[in-house]
Amino acid sequence: MRFSALDGDQTVEVDVTAEGRETFTVTLEERNGESSRETLKVLRRSGNRWTVEVENRVEDFLVWPEGDRTVVQWRRSTFEVDILPLRERLRRQTSSREAAGAAVLKAQMPGRVVSVLKAPGETVESGEGLVIIESMKMQNEVKSPKSGTVSRCGVAEGGTVNAGDLLFEIE
Amino acid sequence: MRFSALDGDQTVEVDVTAEGRETFTVTLEERNGESSRETLKVLRRSGNRWTVEVENRVEDFLVWPEGDRTVVQWRRSTFEVDILPLRERLRRQTSSREAAGAAVLKAQMPGRVVSVLKAPGETVESGEGLVIIESMKMQNEVKSPKSGTVSRCGVAEGGTVNAGDLLFEIE
Amino acid sequence: MFKKLLIANRGEIAVRIIRACRDLGVSPVVVYSEADRYSLAVQLADQAHPIGGSTASESYLSVDKIIDAALATGCEALHPGYGFLAEDESLVNACTDAGVVFVGPSAASIESMGDKLRSRSLVAAAGVPVVPGTENPVATLEEAAESSREIGYPIMLKASAGGGGKGMRLVRNEDQLRSAFQMTRGEAKAAFSDSTVYLEKYLERPRHIEVQVLGDRHGNLIHLGERECSIQRRHQKLLEECPSPFVGPEMRRDLGEAALAVARAVDYTNAGTVEFLVDAASSARPAPFYFLEMNTRLQVEHPVTEMVTGLDLAREQIRIAAGEKLSLSQDDVTWRGAAIECRIYAEDSANNFYPSPGGITLLSEPSGPGIRNDSGVCEGYEIPLEYDPLISKLVAHGRDRAEAIQRMRRALDEYKVAGVRTTIPFFHAVLGHERFLGGDLHTHFIDEHGLLSGTLQGSDGRLPRMMAALYHYLEAREGSSPDSTPGRRSRWKDYNRFPNLDSLEGP
Amino acid sequence: MFKKLLIANRGEIAVRIIRACRDLGVSPVVVYSEADRYSLAVQLADQAHPIGGSTASESYLSVDKIIDAALATGCEALHPGYGFLAEDESLVNACTDAGVVFVGPSAASIESMGDKLRSRSLVAAAGVPVVPGTENPVATLEEAAESSREIGYPIMLKASAGGGGKGMRLVRNEDQLRSAFQMTRGEAKAAFSDSTVYLEKYLERPRHIEVQVLGDRHGNLIHLGERECSIQRRHQKLLEECPSPFVGPEMRRDLGEAALAVARAVDYTNAGTVEFLVDAASSARPAPFYFLEMNTRLQVEHPVTEMVTGLDLAREQIRIAAGEKLSLSQDDVTWRGAAIECRIYAEDSANNFYPSPGGITLLSEPSGPGIRNDSGVCEGYEIPLEYDPLISKLVAHGRDRAEAIQRMRRALDEYKVAGVRTTIPFFHAVLGHERFLGGDLHTHFIDEHGLLSGTLQGSDGRLPRMMAALYHYLEAREGSSPDSTPGRRSRWKDYNRFPNLDSLEGP
């Protein structure tokens with residue numbers, strides 16, 4: 001099965017092939033155009049936790065989805081991976097081309113919508129506030145990256161948002 | 001919904017009625033013929049663990065099925081409850097009546113079948129060994145409670161059994 | 001001893017107090033807001049009393065609701081934990097009126113230490129050094145400018161009603177003072193309803209070192225040595241240790257005596273902490289230290305002192321409140337080894353410590369020799385948006401600081417949390433830093449060594465990217481839909497299946 | 001220090017050694033049998049090496065496979081843990097031949113202590129009291145009868161190659177001796193390929209008290225005080241404590257000196273334990289104590305000594321094996337407070353300790369002040385049929401024995417295990433027993449106080465029965481079928497979903 005992952009601003013291809021009940025070969029295209037391949041043997045999966053043997057080492061991964069991203073924790077680091085089945089990536093590229101010229105603002109983290117400052121149809125200046133979102137003790141004003149007209153608004157006062165949720169679209 | 005629970009050698013009725021999303025009234029017939037009623041408010045359920053409010057106290061229960069029984073751990077004790085929906089209890093009583101005269105031997109705990117000593121059709125004496133089951137470091141010989149003929153055998157050498165599994169039926 | 005005790009708090013400290021109650025044979029009762037209904041504290045308590053809405057002001061900050069809960073559940077005593085109403089004398093007075101024993105100092109002690117300017121003069125009068133500054137409020141810009149010139153820039157402009165890092169502003173010269181003065185007064189007025197401000201000399205790279213004290217109602221008062229809490233972010237402590245790598249026996253004795261003098265000045269009883277700033281940059285030895293403030297409650301970081309002294313501070317608090325005598329004298333206090341605490345928050349340390357609320361879908365806690373994890377959560381718990389997102393306090397003890405650090409790193413490696421981001425990677429970075437290992441700490445350590453930047457994000461993403469692909473591959477095969485966002489909620493019911501009942505009962 | 005170390009064991013002790021490796025910066029490699037593939041140790045190690053079938057003889061008892069694993073993974077050292085090959089000198093010799101450092105004493109020390117009769121005379125020669133008995137094997141019934149009359153009944157008939165409670169038989173009079181003599185010889189022959197037996201005086205209600213020793217390869221040898229392990233069932237320890245409530249400073253010194261004399265007699269290095277029987281029933285004071293045997297490895301119950309002395313024994317073992325010196329002298333050893341360990345087994349304590357194998361469907365481990373849980377399992381783990389069903393060793397430390405007991409009871413209350421029965425209810429019964437609280441222990445405590453009977457089954461089943469009904473009600477509503485047996489396996493996939501892949505990959 002083929003996937004498309006973002007590596008910086010490039011997309012690279014990843015292929016997963018089952019070699020047996022618990023062994024998989026994963027081929028990853030690198031940014032320089034070469035590719036690397038690993039055999040991953042799943043020793044154990046328990047919910048979000050995976051114990052995998054790679055090159056004779058036991059590696060422990062935590063994997064969970066968060067909005068559009070996949071969060072992978074490995075050793076002492078956290079990785080946000082933007083990966084989609086290749087077919088889905090192609091479909092999205094098309095739709096984003098259709099929306100060319102529009103700015104789409106998505107929530108960066110979960111929070112509560114304190115105040116919605118603009119409604120669809122209203123005009124906004126670049127840098128003008130669109131919505132205030134609070135998470136725990138911090139309030140954060142989301143500002144418009146361009147001047148234009150609000151074409152979509154995905155938030156309502158008092159509601160909550162998750163990372164990746166659409167907040168505003170400005171045309 | 002009505003259930004039938006074993007209390008010693010008697011069966012008593014238990015009724016569960018939902019009072020709301022998380023509140024239930026349970027009525028339990030006592031051995032002396034009287035009945036007691038409690039309102040159980042489920043504060044939280046997480047897998048086998050239940051946190052329930054009863055009479056203003058928070059009670060923590062572990063509940064899991066084990067063979068025919070339901071194991072309930074509460075405070076510092078373990079309870080084995082033999083409970084079935086009333087309809088199922090009635091059905092089983094009928095079928096056990098049909099099997100009257102037959103002795104049905106079930107596994108009391110999980111284990112590995114070391115050796116099967118009798119086969120269907122063979123005759124056995126009361127007290128004669130039927131099967132040897134091992135769990136960890138202990139071997140346990142299951143003996144026939146009566147003289148008769150082996151009518152059913154639910155075990156195979158080298159196989160495993162769980163608590164409640166049928167081992168032998170002697171007619 | 002009390003039969004029942006109300007815990008007027010939430011999270012890990014509520015669990016901590018439940019454990020102290022259990023060890024004393026006291027029945028613990030917790031209050032809970034709507035957001036905390038599924039919390040670990042509710043699960044572990046004997047009784048749980050709902051006190052309303054999710055925001056703090058509707059629940060844990062409401063004196064009336066807390067007192068009502070104590071009376072409704074028949075509790076004889078109330079432990080405030082830390083934060084919320086723990087340092088609010090109105091709760092103490094309400095307890096007195098209701099006939100409930102407050103587990104903490106007197107209202108008068110709390111009040112004296114709550115006013116920073118008043119506590120400064122009390123402490124100075126007791127012969128304990130305070131940071132050089134004004135003894136009285138500065139009411140006008142002219143007055144402020146004159147005092148600042150006397151003290152010498154940089155100075156710190158502080159609200160008298162502030163504390164804990166709130167209501168203060170650094171001023172480096174007279175130009176800055178002009179704009180800062182009215183702003184600080186205005187903010188103080190808005191935040192604390194009191195515009196009183198004063199000036200203090202600003203120490204450039206101080207160490208934050210504090211002393212734990214314990215006093216009973218029979219006149220016994222002891223100190224349990226110091227904790228160093230210099231690893232901070234925006235005046236919030238992140239990592240604490242006992243003992244301080246900077247403090248030797250002589251300085252420990254001096255700090256201890258100063259702390260006892262402060263506590264005596266306000267007739268202090270129960271557990272309290274006297275905070276000092278230590279001017280380690282000064283060439284003077286022993287290094288000068290200055291009284292900063294006194295916290296009239298149990299500190300978040302009390303476990304490091306417990307690990308090293310072998311005492312149970314929460315238990316001592318309840319014993320003292322019940323009128324018992326301290327279980328040991330100053331000479332009985334011994335310190336063994338070293339302990340470190342890391343505050344594990346649901347915050348993304350790779351992304352400027354942004355809060356990361358959400359459901360904990362997997363939790364595997366560290367254990368083994370020298371490890372203690374005071375947690376407030378369990379698998380399936382959803383970290384509320386409303387409160388401090390503390391997951392647990394991970395504590396490591398060792399024969400010396402090096403062993404405590406090694407054990408902490410091992411425990412951080414074992415600690416697995418999925419579903420939310422945590423500060424675990426941040427602590428790996430701190431504990432691996434050469435300057436930290438050398439004990440060279442100060443309150444700007446994190447900023448100065450660039451430990452807040454995005455460098456904590458992993459760099460070699462080859463295997464993680466492969467793993468993410470494998471995850472989606474298997475999710476697809478298992479029948480869920482990876483084409484759509486595999487939202488966090490979809491998996492939720494595996495963990496807390498109760499919400500399902502909604503659809504079962506019909507309308 | 002070593003770069004890589006092979007752990008030739010499984011379960012909690014493998015996890016314990018992994019943690020010691022982490023603290024030393026050594027990369028831990030574990031071996032695993034088929035049954036242990038999903039174990040916690042495999043998950044935590046850097047490398048995991050399969051060594052075949054599930055039975056012990058196919059895997060953990062195979063010297064060849066263990067040595068092959070060490071060589072294949074490039075390990076410089078090997079830690080045997082306890083049990084399996086830990087006291088088998090052939091493993092030590094095979095390590096030497098393969099150039100792998102064995103973490104433990106020399107083959108000669110193991111061999112000397114493995115032969116019980118030989119160790120008796122070695123120890124007696126070192127001036128340490130042994131239980132009165134024969135110095136040589138008794139070869140004939142006549143010889144046995146004569147010696148028994150001399151010693152006085154009751155006597156214990158023991159296999160010289162036995163130990164740890166195996167290969168021994170109590171004889172109360174000459175009639176019993178006649179039938180017992182050949183039987184014990186025959187059993188010894190069958191079990192140990194050595195029919196040598198000898199006689200010892202049988203002590204009626206002894207206390208089992210043992211001393212931890214630690215020696216390096218530079219001639220330094222120290223003791224770390226005693227542990228009392230009198231709470232036993234069929235000679236298997238269930239609960240251990242440090243210090244013994246029976247031992248005061250004077251007796252501790254005497255026991256310590258005796259243990260050091262024993263260790264010196266066999267040039268002992270690394271960690272070892274000298275076991276004594278103490279005749280507390282004797283009117284003599286100090287009470288007489290007798291050498292029982294020496295265990296030439298780390299004991300299961302070592303954590304109670306760690307909690308009280310503040311040392312890390314597994315870490316010291318590895319350091320010693322690497323040729324380092326002991327990190328402390330005898331005078332540096334201090335004891336603080338008291339610690340208790342409960343061995344939590346997957347056994348049904350309400351049903352004669354029948355093993356209760358199966359899958360752990362829910363696991364919630366205790367924590368908080370004074371608590372350490374050395375666990376070998378995780379949620380979703382299936383306890384294999386093949387080995388000792390130890391789940392974890394729960395350890396509580398307190399300022400004194402009373403506090404340690406209180407904390408242990410709190411931790412037992414917090415400890416939640418579903419899917420298998422455990423010995424947790426049993427420990428509640430022991431810790432609540434008046435005689436236990438009074439410290440009045442002996443090796444028949446459990447039998448004598450009826451703690452093995454079925455009384456642990458709960459009696460007031462009203463609420464549990466209601467709860468069971470509610471469980472089936474909600475299961476029925478949630479769509480599973482409560483009419484059929486709601487088998488344990490049906491829920492299994494929620495926890496370890498990997499088996500699902502079977503059906504995904506097709507044939």
Side-chain angles (χ1 to χ4, degrees), chain B residues 1 3 5 7 12 14-16 18 24 26-28 30 36 38 40 42 45-50 52 54 59-68 70-85 87-88 91 108-112 134-138 140 160 162-164, chain D residues 346-351 354-358 361-362 364 379 383-389 412-413 416-422 424-425 428-429 432 456-477 482-491 494-495:
Chain B
M1 184 167 171
F3 294 87
D7 186 358
V12 294
V14 191
D15 179 78
V16 180
F24 305 88
V26 184
T27 311
L28 177 72
E30 304 274 11
S36 76
E38 291 291 354
L40 306 185
V42 181
R45 177 181 178 182
S46 172
N48 295 118
R49 187 172 189 180
W50 302 67
V52 177
V54 196
E59 302 285 355
D60 212 25
F61 295 92
L62 297 179
V63 186
W64 72 93
E66 196 180 278
D68 272 352
T70 306
V71 180
V72 180
Q73 282 196 348
W74 176 52
R75 296 189 178 174
R76 293 172 175 177
S77 298
T78 304
F79 300 82
E80 269 184 21
V81 183
D82 187 330
I83 192 165
L84 289 171
R87 205 180 312 175
E88 172 68 10
R91 198 179 66 73
Q108 294 304 303
M109 59 170 194
R112 175 159 293 164
E134 179 181 305
S135 290
M136 284 154 224
K137 293 164 295 189
M138 292 169 66
N140 193 24
T160 57
N162 278 315
Chain D
E347 292 178 343
D348 187 357
S349 48
N351 186 16
Y354 260 34
S356 176
T361 54
L362 181 140
S364 181
E379 202 168 89
I383 293 171
L385 292 163
E386 287 78 8
Y387 317 107
D388 196 46
L412 289 168
D413 276 331
K416 303 290 175 189
V417 183
V420 299
R421 313 291 180 96
T422 72
I424 292 171
H428 274 303
L456 296 171
Q457 186 95 23
S459 53
D460 177 19
R462 207 178 58 92
L463 266 185
R465 214 169 285 136
M466 289 179 165
M467 201 49 224
L470 182 57
Y471 166 80
H472 286 288
Y473 171 82
L474 291 173
E475 286 287 301
R477 293 237 163 180
D483 285 356
S484 67
T485 301
R488 157 190 295 155
R489 304 292 149 178
S490 67
R491 211 156 296 285
D494 292 350
Y495 296 95

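Chain letters run A, B, ... following the sequence lines, proteins first and then strands; every chain starts at 1.
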Charged N to carboxylate O below 4.0 Å: is that the case for B:Arg45 and D:Glu475?
yes

Under 4.5 Å from a heavy atom of chain D, the part of B:Val16 involved
both

How long is the straight-line distance from CZ of B:Phe24 back to CG of D:Leu474, given to the nearest 0.5 Å?
4.5 Å

Heavy-atom proximity to chain D below 4.5 Å, by part of B:Val26:
both

Interatomic distance, CG@B:Leu28 vs CD@B:Glu30, rounded to 0.5 Å, equals 5.0 Å

Toward chain D, the part of B:Glu38 with a non-hydrogen atom under 4.5 Å
both

Choice from B:Ile83, B:Val12, B:Thr160 maximising heavy atom contacts with chain D below 4.5 Å:
B:Ile83

Counting only heavy atoms closer than 4.5 Å, note whether B:Ser36 contacts chain D via side chain, backbone, both or neither.
both

Looking at B:Arg75, I'd like to know if its CZ atom is crowded, meaning that more than 12 non-hydrogen atoms belonging to other residues, nucleotides or ligands lie closer than 6.0 Å.
yes

With a 4.5 Å cut-off on heavy-atom pairs, point out which of B:Val54, B:Val52, B:Thr27, B:Asp60 contacts chain D the most.
B:Asp60

Can you tell me how the ring of B:Trp74 sits relative to the ring of B:Phe61, calling it parallel under 30°, perpendicular over 60° and tilted otherwise?
parallel

